[in-house]
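Data block below; observations after.
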There are 2 protein chains.
Amino acid sequence: MKPKITLKDIAKELDVSISTVSKALKNSKEISKETKDKIKAFAKFYNYRPNNIALSLKNKRTKNIGVVIPDIVHHFFTTVFRGIEKYANEMGYNVIVCISDESFDKEVINMEMLANGSIDGFILSLSAETQKKNDFTHLKELLDQGIPIVLFDRISAEIECDKVVLNDFEIAREAVSHFIATGSKKIALITTERYFNVSESRKEGYVAALKTNEIEVDNRLILTLPHDRDNTNLITEFFQHNEIEAILCVNEMFAVQCMSIIQQLGYAVPEDISIIGFTDGILSRYSSPKLSTIAQHGEKMGELAAKLLINRMESVQMVEEPFKTEVINATLIKRGSTIN
Amino acid sequence: MKPKITLKDIAKELDVSISTVSKALKNSKEISKETKDKIKAFAKFYNYRPNNIALSLKNKRTKNIGVVIPDIVHHFFTTVFRGIEKYANEMGYNVIVCISDESFDKEVINMEMLANGSIDGFILSLSAETQKKNDFTHLKELLDQGIPIVLFDRISAEIECDKVVLNDFEIAREAVSHFIATGSKKIALITTERYFNVSESRKEGYVAALKTNEIEVDNRLILTLPHDRDNTNLITEFFQHNEIEAILCVNEMFAVQCMSIIQQLGYAVPEDISIIGFTDGILSRYSSPKLSTIAQHGEKMGELAAKLLINRMESVQMVEEPFKTEVINATLIKRGSTIN
DNA sequence: TTGTATGCGTTATCAT
DNA sequence: ATGATAACGCATACAA
């Protein structure tokens with residue numbers, strides 16, 4: 001067992017002062033070559049590394065980024081996280097992750113915990129509960145304290161900070177337009193009550209595409225499903241009671257579930273019914289036929305969020321620059337579940 | 001903008017000494033009730049929170065755990081991570097994640113970075129490259145410095161530390177035995193060259209089951225696939241050239257791919273060919289038929305790893321207790337891709 | 001060229 | 001009951 005060595009240890013051992021050691025290791029030209037060589041050799045031999053905590057205390061910056069996401073076992077968040085981690089790491093930052101688990105309290109507690117010096121800034125996507133409550137005081141207080149925050153995907157207009165979002169409206173409209181262009185008129189939307197801002201935009205895009213093409217919006221064709229429960233019966237009923245030619249789903253679980261159910265009901269995909277799902281994850285790639293999807297480019301989103309945050313943290317006066325909202329353009333990936 | 005308040009600020013404002021403030025906020029009985037009340041009220045009003053970094057420096061413990069995993073976009077690691085995060089959080093620890101991306105260098109660099117004071121201990125699963133190189137000096141050095149490490153899943157006997165593993169051997173044997181019990185004799189193993197220790201154990205379990213049942217091991221029925229490449233042709237050829245009644249796959253991607261290909265080749269699952277895959281992820285649950293799987297209980301594994309680590313970090317003399325290797329029992333989940 | 005002193009925010013020990 | 005001081009590990013302005 002050989003514990004970590006400090007500047008003090010080196011200084012004592014070599015009979016010089018701590019500051020001499022510090023300067024020598026920074027290659028300061030104040031120090032004579034001989035002394036520097038001696039100290040460097042010693043430090044190298046004992047594998048000296050400066051203590052991050054001490055540096056953080058001194059510099060008032062930790063080089064840690066706090067990431068708070070609602071869920072990690074979810075393809076989209078996972079890829080975003082990878083993007084964040086990758087970029088942050090390249091820039092010399094570490095990433096501390098907290099999972100809010102869709103809970104407001106957890107989000108608040110975790111963020112306050114980290115905000116007491118552990119991190120220099122946050123990247124987060126709002127929990128379902130937070131969106132439902134519409135209570136953002138915890139975020140506002142952090143911003144007030146001068147801690148920069150970047151929101152992604154699940155954002156709120158009430159919070160003044162940098163943001164990264166998907167062009168949900170446009171891509172939903174594009175998807176529905178594709179359905180219409182390939183001959184469908186009776187188009188269903190399978191959505192969830194949880195991802196408020198995003199599913200709202202997607203719904204608006206869906207509606208917009210219908211209106212542009214002079215198709216009446218039929219609310220019976222919009223199915224709102226509870227998350228994380230077995231929806232099989234709800235979905236089955238839905239398709240039994242409605243005549244449908246195309247389906248837009250707000251996530252890939254719904255999409256693959258729908259496909260499976262309508263196939264069992266005897267319909268052919270995409271001949272009888274076309275399907276497009278949000279999130280281009282593995283579920284979509286391994287189904288048969290392969291699902292046409294909307295790729296959200298999570299990794300890119302994560303990278304961009306990290307870039308925005310680090311830029312702001314490293315800019316001399318964080319106050320100066322106005323807050324930006326960057327938009328990631330989703331891509332419609334046409335595969336086997338649509339007529340292309 | 002109201003920046004964080006410190007003990008010093010409070011002291012100055014209330015015209016008392018820093019140590020009085022510190023003691024008052026800790027409810028020390030050295031301090032008079034009046035002073036305590038005054039200080040507490042002030043601190044509460046200004047939302048004082050002790051600075052984590054300063055505490056870390058003083059206490060020589062950060063309450064941070066470093067987690068290094070090869071990949072995050074992978075159901076198994078994701079669930080393990082969730083288990084770690086959950087338990088760690090409950091115990092007041094934060095989690096810093098680094099993704100080694102299967103690279104030895106990244107693993108080393110990230111760990112050395114974190115080891116300089118940022119974390120109190122590590123939980124990790126070895127990268128593919130590290131396993132291939134069989135070079136564990138970075139881990140040994142950290143252990144030598146007194147930094148506790150818990151390895152999970154991808155471990156090595158060479159490293160002396162706490163470990164958490166799956167009973168890969170037994171569960172593979174159980175799966176193959178199930179195939180045999182339900183009438184299969186020509187049993188294939190689809191494996192990968194990368195996850196060394198685990199796939200080795202799984203292979204041994206496969207072999208053991210065959211031997212117990214006096215079935216000769218036919219190496220032509222063992223297909224080793226490269227990871228992360230398109231294996232469709234390899235798999236197709238494999239099934240065209242071999243007569244097979246059952247397949248054990250070391251991950252769910254292989255399993256669902258195999259199923260899809262053999263269905264296209266005109267075989268019925270499970271009537272003609274049965275399939276079991278390792279990892280009980282969403283791919284398996286959304287395929288048709290639903291895949292029979294081996295649940296690895298990743299979350300439990302993560303929790304246990306975190307528990308082992310925290311126990312060791314918090315025990316007064318870490319040196320005392322001998323290292324443990326805990327075994328998580330996998331579960332064979334029989335669904336639609338096997339005859340049950 | 002080298003060393004001393006100070007401070008980052010906190011706590012603990014030892015005065016007063 | 002309250003305060004001064006040292007220490008955690010490091011960097012830096014300022015002395016010598």
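To find a chain, count down the sequence lines: A is the first, B the second, and so on, and within it residues start at 1.
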Value in whole Å for how far the [atom2] atom of [N] lies from [atom1] of [X]:
X: Leu7(B); N: dG3(D); atom1: CG; atom2: C1'; value: 14 Å
X: Leu57(A); N: dT6(C); atom1: CG; atom2: P; value: 18 Å
X: Ile10(A); N: dA11(D); atom1: CD1; atom2: C1'; value: 14 Å
X: Lys60(B); N: dG9(C); atom1: NZ; atom2: P; value: 20 Å
X: Ile18(A); N: dA7(D); atom1: CD1; atom2: P; value: 11 Å
X: Asn59(A); N: dG9(D); atom1: CG; atom2: P; value: 16 Å
X: Ile53(B); N: dT11(C); atom1: CD1; atom2: P; value: 14 Å
X: Lys33(A); N: dT2(C); atom1: NZ; atom2: P; value: 13 Å

Looking at every strand, decide which applies to [X] at a 4.0 Å heavy-atom threshold: base, sugar-phosphate, or nothing.
X: Thr35(B); answer: sugar-phosphate
X: Leu55(A); answer: sugar-phosphate
X: Lys29(B); answer: sugar-phosphate
X: Ser22(A); answer: base

Exercise. Side-chain donor-acceptor pair under 3.5 Å between Asp153(A) and Ser125(A), yes or no?
Worked result: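 No, Ser125(A) and Asp153(A) have no side-chain donor paired with an acceptor closer than 3.5 Å.
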Among [options], which is the nearest nucleotide to the side chain of [X]?
X: Lys8(B); options: dC8(C), dT4(C), dG9(C); value: dC8(C)
X: Val16(B); options: dC8(C), dG3(C), dG3(D); value: dG3(D)
X: Glu30(A); options: dA4(D), dT2(C), dG9(C); value: dT2(C)
X: Lys26(B); options: dT10(C), dT2(D), dT11(C); value: dT11(C)

Problem set entry | Position toward the 5' end of DNA chain C (nearest nucleotide), Lys58(B) or Ile31(A) |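 Residue closer to the 5' terminus by nearest nucleotide: Ile31(A).
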Problem set entry | Under-4.0 Å side-chain N/O to phosphate OP1/OP2 contact, Ser32(B) with dA1(D) | no
Exercise. For dT2(C), does either OP1 or OP2 sit under 4.0 Å from a side-chain N or O belonging to Thr20(A)?
Worked result: no
For this session: Assess whether side chain to side chain donor-acceptor pair (under 3.5 Å) is satisfied between Thr137(A) and Asp135(A), documenting all intermediate values.
Result: CA-CA 6 Å; Thr137(A) 41; Asp135(A) 182 349; 2.8 Å; yes
Exercise. When you check the gap from the basic side-chain N to the acidic O, do Glu102(A) and Arg154(A) get nearer than 4.0 Å?
Worked result: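 A salt bridge links Glu102(A) with Arg154(A).
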Problem set entry | Phe42(A) and Tyr46(A) aromatic ring geometry - parallel, tilted or perpendicular at 30°/60° bounds | tilted
For this session: Classify the side chain of Lys23(B) versus the base of dG3(D) as yes if they form a donor-acceptor pair under 3.5 Å and no if they do not.
Result: yes
Problem set entry | Side-chain donor/acceptor contact of Ser19(A) with base of dT4(C) under 3.5 Å |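 Answer yes: a donor N or O sits under 3.5 Å from an acceptor.
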For this session: Please report the C-alpha distance between Lys106(B) and Glu129(B) in whole Å, then the side-chain angles of each, then the deciding distance to 0.1 Å, and finally whether the salt bridge (charged side-chain N to carboxylate O under 4.0 Å, His left out) criterion is met.
Result: CA-CA 10 Å; Lys106(B) 266 198 168 188; Glu129(B) 253 187 58; over 6 Å; no
For this session: Might you work through the salt bridge (charged side-chain N to carboxylate O under 4.0 Å, His left out) test for Asp37(A) and Lys33(A), ending with a clear yes or no?
Result: CA-CA 6 Å; Asp37(A) 287 349; Lys33(A) 188 167 182 321; 2.8 Å; yes
